[in-house]
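Right, one structure below, let's go through it.
Every number for a ligand or one of its atoms is a count from 1 in the order of the listing. Side chains included, hydrogens not; waters and symmetry mates left out as well; all remaining heavy atoms used.
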Amino acid sequence: MAEHVLVTGAAGFIGSHIVDALLARGDRVVGVDNFDDFYDPAIKRANLGAARRSDVFSLVESDVRDDAAMRDVLRSTRPDVIVHLAARAGVRPSIAAPALYADVNVRGTAVLLESARDAGVKRVVFASSSSVYGDTSVVPFRESDSAVCPVSPYAATKRAGELLCETFAHLEPRLRIVSLRFFTVYGPRQRPDLAIHKFARLIDSGQPIPVFGDGTTSRDYTYVSDTVQGVLAAVDRTREADVQHELYNLGESQTTTLAELVALLEGALGRTASIQRLAPQPGDVQRTFADISRARAVLGYSPGVPIQEGIRRFVAWLRETARPATPVVPSR
Ligand SMILES: NC(=O)c1ccc[n+]([C@@H]2O[C@H](COP(=O)([O-])OP(=O)(O)OC[C@H]3O[C@@H](n4cnc5c(N)ncnc54)[C@H](O)[C@@H]3O)[C@@H](O)[C@H]2O)c1
């Protein structure tokens, strides 16, 4: 059944893939994005290149913190469901600007939930993060873990966003909300600040890569098509009347150390990395590792792209996008 979906953060890395997937399955989509300067807004405009050609996609350039604008867009478009991805992302930059992160990620989420409630929108999917688990050695991470010791402002804002979803669903029983904890998502269009993208470009151009710590930190890297599959399943889950607020991990449930990641990139790029070893960074955690049994059981989530294949696909995309434009033959 085709639906009308409003996606915030639609022009970003994950948001643009979700928009494309929703359009591909026949949904109508309204994207909301303020094209902030966290990275080059031209990249975000390019991310929406395919969607902009669809006549069932529209874009609203607006800030989720602007309550008048959010009320307007929700009242005029009346979506069946909201996928709320708009945020300041990134663990390390949040240490330099905690108030900005709180403003966008916490107040922005509160404004959006309040506007949704007042406009009678019943269903919301919220993008949270594996970072909410903090620096714990208890693995794999389960949704039932307490997650009360975030070690970066970013992580704290994402946990606060989940708690706001919990509260709104409690106070307004018509609201059905699913929060998803994404585990380091990568793939085509990945944010340029993230390790896989940054390292690949540096290795390819023969420059040293900054490696924080001894290479033993590990991450549960998730290929973006698997994340998208989980988000679409969560959108469908919010149709069920028994949902109030539910939490799911979306990872691969496979971990890769930083040293292994660098080796995989070297193999896919066909080049050797030069490593600039730096001290571990405050805010970073030693490991992330998702228990995905709840998402498998309830959402039918079934991630299928192992890191070796995902890195090959990422490098193929990087090479494709880096290819110089076809030279123009001068007319005589
Ligand atoms: N990429 C990951 O590995 C990862 C991991 C865990 C959680 N997440 C979460 O997933 C979501 C998407 O992340 P991403 O990697 O695609 O990041 P991204 O920066 O590429 O996308 C975020 C988008 O939100 C927009 N935005 C920011 N502030 C806004 C505001 N105030 N109003 C409207 N739009 C705004 C940005 O312009 C951007 O297009 C975020 O909520 C992020 O916290 C991402």
Side-chain angles (χ1 to χ4, degrees), residues 6-20 30-48 51 59-67 69-70 73 82-91 93-94 97 100-112 115 124-133 141 150 152-162 165 179-198 219-224 226-228 230-231 234 248-252 285 288 290 310 314:
L6 184 138
V7 179
T8 73
F13 159 45
I14 299 171
S16 62
H17 281 284
I18 291 178
V19 168
D20 290 346
V30 182
V32 172
D33 206 294
N34 72 344
F35 294 87
D36 75 5
D37 61 359
F38 182 57
Y39 58 92
D40 186 354
I43 297 174
K44 302 178 189 180
R45 294 197 186 275
N47 288 344
L48 286 177
L59 178 67
V60 178
E61 292 201 33
S62 207
D63 193 307
V64 292
R65 291 167 291 179
D66 181 341
D67 55 355
M70 287 308 106
V73 69
I82 296 171
V83 179
H84 177 39
L85 301 155
R88 272 274 161 172
V91 166
S94 75
L100 172 65
Y101 274 69
D103 196 44
V104 176
N105 299 358
V106 184
R107 195 169 71 79
T109 298
V111 168
L112 192 77
S115 310
V124 178
V125 173
F126 170 65
S128 185
S129 160
S130 59
S131 64
V132 301
Y133 288 105
F141 299 168
S152 67
Y154 169 73
T157 64
K158 284 290 167 183
R159 186 72 180 114
E162 293 177 353
C165 290
S179 293
L180 300 171
R181 292 174 173 169
F182 298 161
F183 282 66
T184 320
V185 188
Y186 74 103
R189 306 180 196 157
Q190 192 193 30
R191 291 195 339 251
D193 60 299
L194 288 171
I196 291 177
H197 195 159
K198 192 166 68 180
R219 293 287 176 272
D220 193 340
Y221 293 101
T222 315
Y223 194 71
V224 66
D226 288 332
T227 306
V228 168
V231 173
Y248 297 94
N249 288 337
L250 291 186
E252 300 280 340
V285 296
T288 64
F314 175 76

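Residue-level contacts of ligand 1 at the 4.0 Å heavy-atom threshold are Gly9, Ala11, Gly12, Phe13, Ile14, Asp33, Asn34, Phe35, Asp36, Tyr39, Lys44, Ser62, Asp63, Val64, Arg65, Leu85, Ala86, Ala87, Val104, Ala127, Ser128, Ser129, Tyr154, Lys158, Phe182, Thr184, Val185, Arg191, Leu194.
With ring centers used as reference points, Tyr186 lies under 6.0 Å from Tyr223.
The main-chain N or O of Arg181 is never found under 3.5 Å from a side-chain atom of Ser129 such that the two would form a donor-acceptor pair.
A side-chain contact (heavy atoms from CB on, under 4.5 Å) with Glu252 is found for one member of Thr184, Asp226, Thr227 and no other, namely Asp226.
Using the six-membered ring where Trp is involved, Tyr133 and Phe141 have ring planes that are tilted, between 30° and 60° apart.
Legend: residues meeting side-chain hydrogen bond (donor to acceptor under 3.5 Å, both in side chains) with Asn34, ordered by chain and number and at least two apart, are Asp63.
Residues Ser179 and Glu162 bring no donor and acceptor atom of their side chains to less than 3.5 Å of each other.
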